[in-house]
Amino acid sequence: MTEGNRASPDEIVPAGMREHPERRKVVGEMHLRRWPEIPVPGFVVQWLRLASDADKNAQRERLLALPQADRFERASGQRHLSGALSDSIRFTWECHSEASTLTFFVAANDPMLLRDPTGWPGLGSAVAMAEAFPGEVVRATRIWVAPDEDAAQRSMAIMDIVPEELVSCHIGGGARLWTDFRIKPDNYGHLLVSAGGMSSGDLSRLLQRLQELGNYRNLALLGLPVAQGYWTRLNRAEEMLREIARDQVRAEVRDDDLLARTSALSLELMSLATDASYRMSATAAYARLVEDRLAELTVKPIAGFPSLVDFTERRFVPAVRTCAAFAHREGQLSLRATQLTSLLRARISTRIENQNAQLLGSLERSAALQLRLQQLVEGLSVVAVSYYALSLADKLFLGIEEVAHGFPGKAVIAALTLPVVVLTWLILRLMKKRILH
């Protein structure tokens with residue numbers, strides 16, 4: 001083919017190329033979770049919800065029912081939506097494994113939006129719609145982005161900050177953060193960020209990591225109430241384990257009772273694992289993500305203020321370690337219960353073997369007794385058969401004496417007695433050998 005007749009890109013792709021059904025979803029994953037450029041000054045509000053599949057579908061349908069839906073970007077199938085609600089309001093909606101996030105980005109110049117977002121055109125109705133979404137809110141935050149620290153300081157008065165718990169530090173190089181991580185009377189957490197000369201793109205990525213840090217932190221901490229609530233059940237299970245182990249060495253305790261109690265213990269531990277294992281595993285996974293996001297933020301402390309790292313290490317790390325301790329303890333109890341079951345099985349097997357040995361000993365003694373009785377019967381049988389044989393011979397010789405007077409019949413009988421007994425014994429012994437062999 002000449003250069004002038006070079007094929008177009010569509011002609012280069014084979015017409016019958018088969019595409020993997022997950023190809024576009026996999027490629028789309030690499031382009032998700034990108035926030036639009038954040039205007040400075042600007043306002044960001046986000047909701048993180050635990051949501052079932054039905055809840056996520058309902059959230060998506062409500063967004064697609066908006067008049068602006070025909071201009072939304074629909075990346076990666078059902079898991080992501082983004083677009084503009086108005087000239088000054090953009091949004092992103094995204095599904096996660098067990099949660100969803102909805103974020104509004106507002107090009108605004110009024111920091112009072114931290115307290116009342118209804119003052120901006122179109123934002124009040126959008127927030128009302130978002131607050132009515134199905135699912136359970138795990139985290140809701142409002143962020144005011146100021147151009148510099150002086151502007152941010154002027155906005156501090158509307159933050160309702162608890163001075164004793166104020167966290168402030170530099171993040172991402174030039175930006176600075178102020179917050180107390182408290183839920184305010186409006187049911188939102190408030191964050192104040194100064195851009196510090198960062199570009200809109202860099203600031204967008206920085207705030208996205210900051211929000212992911214907070215979201216993963218809250219999702220991880222969902223395991224703490226579970227661990228605390230189930231800790232008493234672990235205490236009861238451990239006490240049951242201790243009592244069963246103590247009774248296993250007592251011969252008077254019935255095996256059936258031990259088996260019933262061990263089964264009840266195993267069932268309790270299985271129930272605990274079923275109820276809590278997912279939450280504990282999720283907490284461990286989210287905790288690792290929190291560590292990653294915290295490292296990516298490159299936190300630099302400011303004298304006189306606790307930093308994000310300080311706050312995390314002081315409050316988050318102990319909670320995660322409590323969950324890890326719960327998971328480890330539950331696993332150890334399950335292992336010990338399994339070992340206890342094995343010991344009980346060995347106890348039952350040993351007892352059965354002892355009973356079988358006693359039974360075999362009893363059978364052996366019975367067989368020996370039967371052999372002795374059989375030998376006695378054989379001796380009596382020789383005497384009986386010999387007696388009957390000699391009785392018949394005696395009658396025969398008595399008849400001969402009647403015919404032949406002077407025939408010594410009684411003497412002949414006396415002479416035959418010993419040979420008949422010996423012959424009878426030999427015949428019976430020979431018959432016994434033939435039968436047994």
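For clarity, every value in this text was computed on a predicted model and none was experimentally measured.
- Residues A107 and W120 share a closest heavy-atom pair of O-CZ2, 3.2 Å.
- Taking A319 as the reference, L221, L224 meet the side chain to side chain contact (heavy atoms under 4.5 Å, CB included) condition, with sequence neighbours excluded.
- In the displayed structure, R321 atom CZ is contacted under 6.0 Å by at most 12 heavy atoms of other residues, nucleotides or ligands.
- Heavy-atom minimum distance, R90 versus A84: NH1-CB, 4.0 Å.
- Taken to the nearest 0.5 Å, the CG atom of D257 stands 10.5 Å off from the OG1 atom of T262.
- Interatomic distance, CD of E212 versus CZ of R217, reported as 13.0 Å (0.5 Å rounding).
- Taking a 6.0 Å sphere around CD of E239, one finds it holds more than 12 heavy atoms contributed by other residues, nucleotides or ligands.
- Under a 3.5 Å cut-off, the side chain of S82 and the backbone N or O of T92 do not form any donor-acceptor pair.
- For N218 (side chain) and V138 (main-chain N/O), a donor-acceptor pair under 3.5 Å exists by modelled atom type.
- Look at E296 and R293 and you find a salt bridge, because one of the NZ, NE, NH1 or NH2 atoms lies within 4.0 Å of a carboxylate O, short of that distance.
- A side-chain donor from one of E330 and S334 sits under 3.5 Å from a side-chain acceptor of the other.
- In Q228, the CD atom is crowded: over 12 heavy atoms of neighbouring residues, nucleotides or ligands sit closer than 6.0 Å.
- Scanning for ring pair (Phe, Tyr, Trp, His ring centres under 6.0 Å) contacts around Y230 gives an empty result, with sequence neighbours left out.
- In this structure, D202 contributes its side chain and M198 its backbone to no donor-acceptor pair below 3.5 Å.
- In this view, D110 and M112 satisfy the side chain to side chain contact (heavy atoms under 4.5 Å, CB included) rule, not counting sequence neighbours.
- For F91 and F105, the distance between ring centers is not under 6.0 angstrom.
- Side chain of S271 to backbone of L267: no donor-acceptor contact under 3.5 angstrom is found.
- For the residue pair Q59 and S100, a side-chain donor N or O sits within less than 3.5 Å of a side-chain acceptor on the partner.
- With hydrogens and angles disregarded, a donor-acceptor distance shorter than 3.5 Å links the side chain of S168 to the backbone of L177.
- Atom CD1 of I302 is surrounded by more than 12 heavy atoms from other residues, nucleotides or ligands within 6.0 Å.
- N356 CG: more than 12 foreign heavy atoms inside a 6.0 Å radius.
- Expressed to the nearest 0.5 Å, how far CG of L265 lies from OG1 of T341 amounts to 7.5 Å.
- Pairing each heavy atom of L206 with each of G172, the nearest pair is CD1-CA, 3.6 Å.
- In this structure, M270 places its CE atom where only 12 or fewer heavy-atom neighbours from other residues, nucleotides or ligands lie under 6.0 Å away.
- Nearest heavy atom pair, residue W231 against residue T322, reads CZ3-O, 4.2 Å.
- Legend: residues meeting side-chain hydrogen bond (donor to acceptor under 3.5 Å, both in side chains) with E149, ordered by chain and number and at least two apart, are H170, R176.
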- [ ] Output, in order, the C-alpha distance, side-chain angles, deciding distance and verdict of salt bridge (Lys or Arg N to Asp or Glu O under 4.0 Å) for E98 and R279.
- [x] CA-CA 11 Å; E98 61 174 342; R279 196 71 262 161; 2.8 Å; yes

TODO: List the steps and the verdict of side-chain contact (heavy atoms from CB on, under 4.5 Å) for L81 and R60.
DONE: CA-CA 8 Å; L81 281 176; R60 178 182 172 85; 3.6 Å; yes

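- The shortest heavy-atom contact between V40 and P147 is CG1-CA, 3.4 Å.
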Open item on the list: Before you tell me yes or no, could you show the steps for K184 and D186 under salt bridge (Lys or Arg N to Asp or Glu O under 4.0 Å), namely the whole-Å CA-CA distance, both residues' side-chain angles and the distance that decides it to 0.1 Å?
Closed with: CA-CA 5 Å; K184 304 305 177 183; D186 57 14; over 6 Å; no

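- Salt-bridge check for R242 with D247: failed, with every basic side-chain N at 4.0 Å or more from each acidic carboxylate O.
- Between the side chain of K300 and the main chain of G173, no donor-acceptor pair closer than 3.5 Å is present.
- Remark: the backbone N or O of P111 is not paired with any side-chain donor or acceptor of S155 at under 3.5 angstrom.
- Considering every non-hydrogen atom in both T283 and A220, the closest pair reads OG1-O, 2.8 Å.
- From L297, atom CG reaches atom CG of L207 across 9.5 Å, with rounding to the nearest 0.5 Å.
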I'd like a table of donor-acceptor pairs (distance under 3.5 Å, sequence neighbours excluded) in which one partner is a side-chain atom from residues 42-49, with atom names and distances.
from: Q46; atom 1: OE1; to: Q211; atom 2: NE2; distance (Å): 2.9
from: Q46; atom 1: OE1; to: N215; atom 2: ND2; distance (Å): 3.0
from: Q46; atom 1: NE2; to: T103; atom 2: OG1; distance (Å): 2.8
from: W47; atom 1: NE1; to: Y188; atom 2: OH; distance (Å): 2.9
from: R49; atom 1: NH1; to: A130; atom 2: O; distance (Å): 3.3
from: R49; atom 1: NH2; to: A130; atom 2: O; distance (Å): 2.5
from: R49; atom 1: NH2; to: E131; atom 2: O; distance (Å): 3.3

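- If you check the side chains of S52 and D55, you find a donor sitting under 3.5 Å from an acceptor.
- A salt bridge does not link D160 to R182: none of the charged nitrogens lies less than 4.0 Å from a carboxylate oxygen.
- Proximity of a side-chain donor or acceptor of S263 to a complementary backbone N or O of L259 within less than 3.5 Å is detected.
- Between the side chain of D148 and the backbone N or O of G196, no donor-acceptor pair lies under 3.5 Å.
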Compile the donor-acceptor pairs under 3.5 Å between side chains in residues 61-72 and protein atoms, sequence neighbours left out, one pair per line.
from: R62; atom 1: NH1; to: A132; atom 2: O; distance (Å): 2.9
from: Q68; atom 1: NE2; to: L85; atom 2: O; distance (Å): 2.7

